[in-house]
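Keep in mind that what you see is a predicted model, and the values were worked out from it rather than measured. Each ligand, and each atom within it, is numbered from 1 in the order the structure gives.
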Amino acid sequence: MARRVKKIGRARARPALAILSRKKTLYSTRRLLEAAKARGLRTRVLDVLRCNLTLEQDNPRLYHKGKEVRGIGVALPRIGASVTQVGLSVVRQLEAMGVPVVNGAAAIARSRDKLAALQQLAAAHVPIPRTVLARAGGEVRELVAQVGGLPAILKLLQGTQGVGVMIAHSEAEVESIVGTLRDLGQELLLQEFVAESRGRDIRALVVGDRVVGAMRREARRGEFRSNLHRGGFGTPLELPREYAEAAVRAARVVGLSVAGVDLLEGRDGPKVLELNSSPGFEGLERATGLDIAGEIVGFAAVLAEGTRRAMAL
Ligand code: ADP
Ligand code: MG
């Protein structure tokens, strides 16, 4: 009898919020768990490297540490750059299972490819810095002229935390960087150096259709990259409307409902650099004192509830 009651109880358990993350102890994961618990939500943390996927017609299933995963009401992917492919396969599986996901696999994949993301943004009239793909064999002088001259920024298509972003002060430098990377089988973006923004940028955190927090990041002395991982420093910022609109539009165009959008302050307004689909928010919460985790979890809960209602109809 006792067993039966337990079984029924389990079957009726409220759907859980699943956070896809390598570790519970990572700052952003820990804060999301705290925020979910504060709202009385059930939570689970799924390590994508411990997930197995079962593909079967009309019956996709997910296993975590050998046990089938059921009862997920919504999933929140926090996919690090080093596990992008594995992470995407798990997100796709959840989508196939009908689980609502904050940031779908297609949007995450697009945001991880700086070229693909910029192509989409430009096509949708979102302001971006002038950018060309520096394929091998191109005339360097011409490419540099196209982005407004020197110095110019060079970037790997995939990269994060400032790794893979370089500045070149001469054509010879551009040529040698492009050549070296070509030999390593890598393509590069050559980009206008937005000099007005030298050493600083804006990080805006978009959740749904609004910016829930923003900061200005300033690079440490002698560094042009303002990433906090490169020693940059964040201060809270009341975001001008033009900037908030550009950030929200950028996230919508790429299809992300949660995004850390990096913007430069150009002479004639914002220029969107890139979108981060699993933005860390330790620096932003510390700089602003805002409850970013609460905003993200609140959004996930609304998404779960909306999907549950729609299914019941
Ligand atoms: P990552 O994914 O590594 O963060 P970003 O494109 O965001 O790559 O660039 C990292 C940092 O380098 C930015 O935050 C900014 O400070 C600086 N930066 C990047 N592109 C430009 C540019 N076109 N002009 C001026 N500074 C730039
Ligand atoms: Mg960035």
Side-chain angles (χ1 to χ4, degrees), residues 28 79-82 84 108-122 126-134 143-169 173-174 177 181 186-206 214-235 237 243 246-247 250-251 254 256 258-284 287:
S28 298
I79 312 286
S82 61
T84 296
I108 297 174
R110 268 197 299 274
S111 69
R112 293 271 150 113
D113 178 338
K114 289 194 165 90
L115 173 63
L118 289 175
Q119 281 175 316
Q120 264 201 319
L121 294 176
V126 176
I128 61 167
R130 279 185 282 175
T131 307
V132 296
L133 180 63
L143 293 177
V144 169
Q146 280 193 49
V147 299
L150 293 162
I153 298 286
L154 285 149
K155 277 183 205 187
L156 297 181
L157 270 45
Q158 251 113 25
T160 186
Q161 303 181 345
V163 178
V165 180
M166 300 152 268
I167 189 163
H169 296 275
E173 241 179 304
V174 174
I177 294 172
L181 272 294
Q186 291 264 7
E187 288 182 322
L188 279 172
L189 295 178
L190 183 68
Q191 192 166 69
E192 160 194 11
F193 174 60
V194 180
E196 317 87 91
S197 198
R198 180 184 286 269
R200 60 184 214 175
D201 75 349
I202 290 173
R203 164 56 66 91
L205 206 113
V206 175
M215 63 178 164
R216 176 173 282 129
R217 299 183 300 192
E218 313 229 10
R220 63 176 162 75
R221 270 166 66 108
E223 172 62 68
F224 73 96
R225 298 165 296 182
S226 49
N227 303 68
L228 302 187
H229 285 94
R230 303 264 76 78
F233 181 75
T235 46
L237 179 67
Y243 283 76
V254 175
L256 294 170
V258 169
V261 184
D262 292 347
L263 306 113
L264 293 177
E265 298 165 88
R267 217 168 306 130
D268 32 342
K271 288 185 192 291
V272 175
L273 273 186
E274 63 148 353
L275 295 98
N276 297 274
S277 56
S278 296
F281 48 81
E282 180 172 8
L284 186 60

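Atom 17 (C) of ligand 1 has its closest protein heavy atom at Phe224 O, 3.9 Å. Shortest contact from atom 9 (O) of ligand 1 to any protein heavy atom: Val165 CG2, 3.8 Å. For atom 23 (N) of ligand 1, the nearest non-hydrogen atom of the protein is Glu192 O, 2.7 Å. For atom 7 (O) of ligand 1, the closest non-hydrogen atom of the protein is Glu274 OE2, 2.9 Å. When only non-hydrogen protein atoms are considered, atom 18 (N) of ligand 1 lies nearest to Leu273 CD1, 4.1 Å. Nearest protein heavy-atom neighbour of atom 14 (O) of ligand 1: Asp201 OD2, 2.6 Å. Among protein heavy atoms, atom 3 (O) of ligand 1 sits closest to Gly162 N, 2.6 Å. In terms of protein heavy-atom proximity, atom 16 (O) of ligand 1 is closest to Ser226 OG, 2.7 Å.
The minimum heavy-atom distance linking Arg200 with Leu264 is given by the pair O-CD2, 3.8 Å. Across every non-hydrogen atom of Leu228 and Gly283, the tightest pair is CD1-CA, 3.6 Å.
A side chain to side chain contact (heavy atoms under 4.5 Å, CB included) with Ile202 holds for exactly one of Leu273, Leu263, Val272; it is Leu263.
For atom 12 (O) of ligand 1, the choice among Arg203, Arg225, Lys114, Lys155 with the nearest heavy atom turns out to be Arg225. Taking each of Val163, Asn227, Leu190 in turn, the one with a heavy atom nearest to atom 4 (O) of ligand 1 proves to be Asn227.
Taking any N or O of Gln191, backbone or side chain, at least one lies under 3.5 Å from an N or O belonging to ligand 1. Between Val194 and ligand 1, an N or O atom pair is found at a separation short of 3.5 Å. Backbone and side-chain nitrogen or oxygen atoms of Leu264 are examined, and none is located within less than 3.5 angstrom of a nitrogen or oxygen of ligand 1. Polar contact check, Pro129 against ligand 1: no nitrogen or oxygen pair lies under 3.5 Å apart.
Two residues are said to be in side-chain contact when any heavy atoms from C-beta on lie closer than 4.5 Å; Leu275 and Leu121 meet this criterion. Looking at Val163 and His229, their side chains never come closer than 4.5 Å, going by heavy atoms from C-beta outward. Leu188 has its side chain within reach of Met166: a pair of non-hydrogen atoms, C-beta onward, lies under 4.5 Å apart.
How far CG of Asp201 is from CE of Met215: 8.5 Å, rounded to the nearest 0.5 Å.
Taking every non-hydrogen atom of Asp262 and a distance limit under 4.0 Å, the qualifying atoms of ligand 1 come out as 7 (O). Applying the 4.0 Å criterion to heavy atoms of Phe193 picks out, from ligand 1, the atoms 24 (N), 25 (C). Taking every heavy atom of Gly159 and a limit of under 4.0 angstrom, the matching atoms of ligand 1 come to 2 (O). Proximity to Arg217 (heavy-atom distance under 4.0 Å) selects the following atoms of ligand 1: 14 (O).
Checked by atom type and distance alone, the side chain of Ser278 never pairs as donor or acceptor with a backbone atom of Gly80 at under 3.5 Å. Checked by atom type and distance alone, the side chain of Glu223 never pairs as donor or acceptor with a backbone atom of Ala219 at under 3.5 Å. Remark: side-chain polar atoms of Arg130 are not paired, donor with acceptor, to backbone N or O of Glu192 under 3.5 angstrom. Although no hydrogens or angles enter the test, the distance criterion places no donor-acceptor pair under 3.5 Å between the side chain of Ser226 and the main chain of Gly232. Listed for the Lys114 side chain is a donor-acceptor partner under 3.5 Å among the backbone atoms of Gly159. No donor-acceptor distance shorter than 3.5 angstrom exists from the side chain of Arg230 to the backbone of Arg225, with no hydrogens or angles considered. Proximity of a side-chain donor or acceptor of Asn276 to a complementary backbone N or O of Gly260 within less than 3.5 Å is detected.
Salt-bridge check for Lys155 with Glu274: failed, with every basic side-chain N at 4.0 Å or more from each acidic carboxylate O.
Between Ser197 and ligand 1 there is no heavy-atom distance shorter than 4.0 Å. Ligand 1 lies out of reach of Arg200, whose nearest heavy atom is not under 4.0 Å from it.
With a cut-off of 2.8 Å, the protein N/O/S atoms near the Mg ion (ligand 2) add up to 2.
Using modelled atom types, one finds a donor on one side chain and an acceptor on the other under 3.5 Å when comparing Thr131 with Gln191.
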